[in-house]
Amino acid sequence: MDLEEIESLIEAGVPDSEATVTQPRGPDDDDHLAAEVVSPAFEGKSLVEQHELVYDALEEKMTTDIHALQLKTRTPE
């Protein structure tokens, strides 16, 4: 799965978000990904709720295409 496609899915599913997806183990390991997502939609939400928003945006990709996703979520401020 293309990193830009994952970023697009997150940005489409999490309001006003900006996502950056990388392969922390290098370009040969496309099963393990890391994402940093910034969105005002995370304001007032717990870390679990923030991560659930991202997982919901990725839908079935989390079970079919992505083996592991390290998430870092934050608000713009």
Side-chain angles (χ1 to χ4, degrees):
M1 178 166 222
D2 184 279
L3 299 182
E4 290 177 3
E5 181 181 353
I6 296 168
E7 290 172 349
S8 294
L9 287 170
I10 294 170
E11 291 172 352
V14 179
D16 300 316
S17 65
E18 187 173 317
T20 303
V21 179
T22 60
Q23 294 170 296
R25 294 186 179 186
D28 294 331
D29 186 358
D30 59 355
D31 286 340
H32 295 82
L33 305 175
E36 181 173 351
V37 185
V38 181
S39 173
F42 298 144
E43 185 71 39
K45 296 194 179 339
S46 71
L47 188 59
V48 170
E49 291 171 323
Q50 293 174 24
H51 288 198
E52 285 176 345
L53 283 174
V54 176
Y55 294 143
D56 288 347
L58 293 171
E59 299 175 336
E60 75 278 348
K61 302 291 185 202
M62 282 302 301
T63 57
T64 58
D65 297 322
I66 301 171
H67 175 72
L69 179 64
Q70 175 185 348
L71 270 179
K72 182 176 183 179
T73 55
R74 62 182 176 88
T75 61
E77 299 164 10

Quick one: side chains of residues 5-16, donor-acceptor pairs under 3.5 Å with protein atoms, not counting sequence neighbours, listed by atom name and distance.
from, atom 1, to, atom 2, distance (Å)
E7, OE2, V21, N, 2.8
S8, OG, E4, O, 3.0
E11, OE2, A19, N, 2.9

In short, salt bridge (charged side-chain N to carboxylate O under 4.0 Å, His left out) pairs touching residues 63-77 with sequence neighbours left out are E36-R74, K61-D65

Nearest heavy-atom approach of P76 to P40 is CD-N, 3.6 Å

**Item:** Side chain to side chain, L33 and Q23, heavy atoms closer than 4.5 Å
**Value:** yes

Between the CG atom in L69 and the OH atom in Y55, the distance rounded to the nearest 0.5 Å is 6.0 Å

Shortest non-hydrogen pair, T22 vs L3, comes out as CA-CD1, 4.3 Å

Would you mind writing out the side-chain donor-acceptor pairs for residues 42-53 within the sub-3.5 Å range, not counting sequence neighbours?
from, atom 1, to, atom 2, distance (Å)
S46, OG, E49, N, 3.1
S46, OG, E49, OE1, 3.4
E49, OE1, S46, N, 2.8
Q50, OE1, T73, OG1, 2.6
Q50, NE2, K45, O, 3.0

